[in-house]
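Report on the structure given below.
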Amino acid sequence: MPETDRSRAEAPEDLARLFHARANAGDVEGLVALYEPEAVVAAGAVVATGHAEIRTFYADLLARKSNFPTVEALPALRNGDLAMTFARLPNGQISVETARLQADGGWLWVIDQLKIKPLTPADAA
């Protein structure tokens with residue numbers, strides 16, 4: 001796969017845009033570069049910790065899926081060098097991430113919880 005734009009996330013909200021571009025380009029290494037070296041990605045029963053496991057997770061995902069829809073990136077919630085980022089997928093699922101400001105001024109994800117399914121009215125009762 002050709003390398004995608006490897007610019008850094010200047011704001012936490014940039015991470016979702018960079019993720020979308022790199023995922024649709026099939027750029028596993030570009031996706032891994034959005035995370036701190038010891039970051040955690042959780043997707044259902046799968047929990048990947050560190051770059052090696054995150055690389056394996058995304059290599060498997062991109063081998064099965066090549067089209068990632070645009071998400072609605074919601075405003076980040078910031079507290080100093082930490083930020084919570086949120087994205088709503090077209091099917092209504094939400095992803096929630098924790099990002100940290102890096103020494104170089106860019107932002108990387110530390111924790112990524114993919115695809116939280118919203119409660120239905122029956123579930124909430």
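Quick note: numbers below take in every heavy atom, side chains included, and nothing from hydrogens, waters or symmetry partners. None of these values were measured; they are calculated from a predicted model.
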Pairs where residues 55-80 contributes a residue and the test ring pair (Phe, Tyr, Trp, His ring centres under 6.0 Å) is met, not counting sequence neighbours:
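Checked against ring pair (Phe, Tyr, Trp, His ring centres under 6.0 Å) - neighbours excluded - the pairs reaching residues 55-80 are Phe19-Tyr58.
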
Sequence neighbours left out, what passes side chain to side chain donor-acceptor pair (under 3.5 Å) with [X]? Give chain and number order.
| X | value |
| --- | --- |
| Glu10 | Arg8 |
| Gln113 | none |
| Trp109 | Thr85 |

Nearest atoms (heavy-atom pairs only) where [X] meets [Y]:
| X | Y | value |
| --- | --- | --- |
| Asn67 | Pro69 | O-CD, 3.9 Å |
| Leu15 | Ala99 | CD1-CB, 3.8 Å |
| Val28 | Ala59 | CG2-CA, 3.8 Å |

Can any side-chain N or O of Arg22 pair as donor or acceptor with the backbone N or O of Asp27 at less than 3.5 Å?
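Flag not set: sc Arg22 to bb Asp27 has no pair under 3.5 Å.
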
Kindly work out whether a path of hydrophobic side-chain contacts (I/L/V/M/F/W/Y, heavy atoms less than 4.5 Å apart) joins Met84 to Leu74.
yes

Joint hydrophobic cluster, Val41 plus Val110, side-chain heavy atoms closer than 4.5 Å:
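No, Val41 does not connect to Val110 through the hydrophobic network.
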
Do His20 and Val71 touch side chain to side chain, with heavy atoms closer than 4.5 Å?
no

Evaluate the side-chain proximity of Leu34 to Val32: yes if any heavy-atom separation is below 4.5 Å, no if none is.
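No. Closest side-chain heavy atoms not under 4.5 Å.
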
Restricting to salt bridge (charged side-chain N to carboxylate O under 4.0 Å, His left out), what partner residues turn up for Asp112, sequence neighbours left out?
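Scan of Asp112 (salt bridge (charged side-chain N to carboxylate O under 4.0 Å, His left out), adjacent residues dropped) gives none.
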
Can you run down the side chain to side chain donor-acceptor pair (under 3.5 Å) pairs that involve residues 39-54, sequence neighbours left out, and say none if there aren't any?
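Non-adjacent pairs meeting side chain to side chain donor-acceptor pair (under 3.5 Å): zero.
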
Other ILVMFWY residues reachable from Leu82 by side-chain steps of under 4.5 Å:
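The other cluster members (ILVMFWY side chains, heavy atoms under 4.5 Å, direct or chained): none.
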
Suppose clustering is done on Ile, Leu, Val, Met, Phe, Trp and Tyr with side-chain heavy atoms closer than 4.5 Å. Which residues sit in the same group as Val47?
Val40

Interatomic spacing from [atom1] in [X] to [atom2] in [Y] - rounded to 0.5 Å:
| X | Y | atom1 | atom2 | answer |
| --- | --- | --- | --- | --- |
| Thr56 | Leu61 | OG1 | CG | 12.5 Å |
| Lys65 | Asn24 | NZ | CG | 9.0 Å |
| Leu31 | Leu62 | CG | CG | 6.0 Å |

Ion pair Arg55/Glu29, N-O distance below 4.0 Å:
yes

Does any pair with a residue in residues 80-99 pass salt bridge (Lys or Arg N to Asp or Glu O under 4.0 Å), and if so which ones, sequence neighbours excluded?
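Qualifying pairs: Glu72-Arg88.
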
Quick one: list whatever passes side chain to side chain contact (heavy atoms under 4.5 Å, CB included) with [X], sequence neighbours left out.
| X | value |
| --- | --- |
| Gln102 | Glu36, Arg100, Asp104, Leu108 |
| Arg78 | Ala11, Pro12, Glu13, Ala83, Trp107 |
| Ile111 | Thr98 |

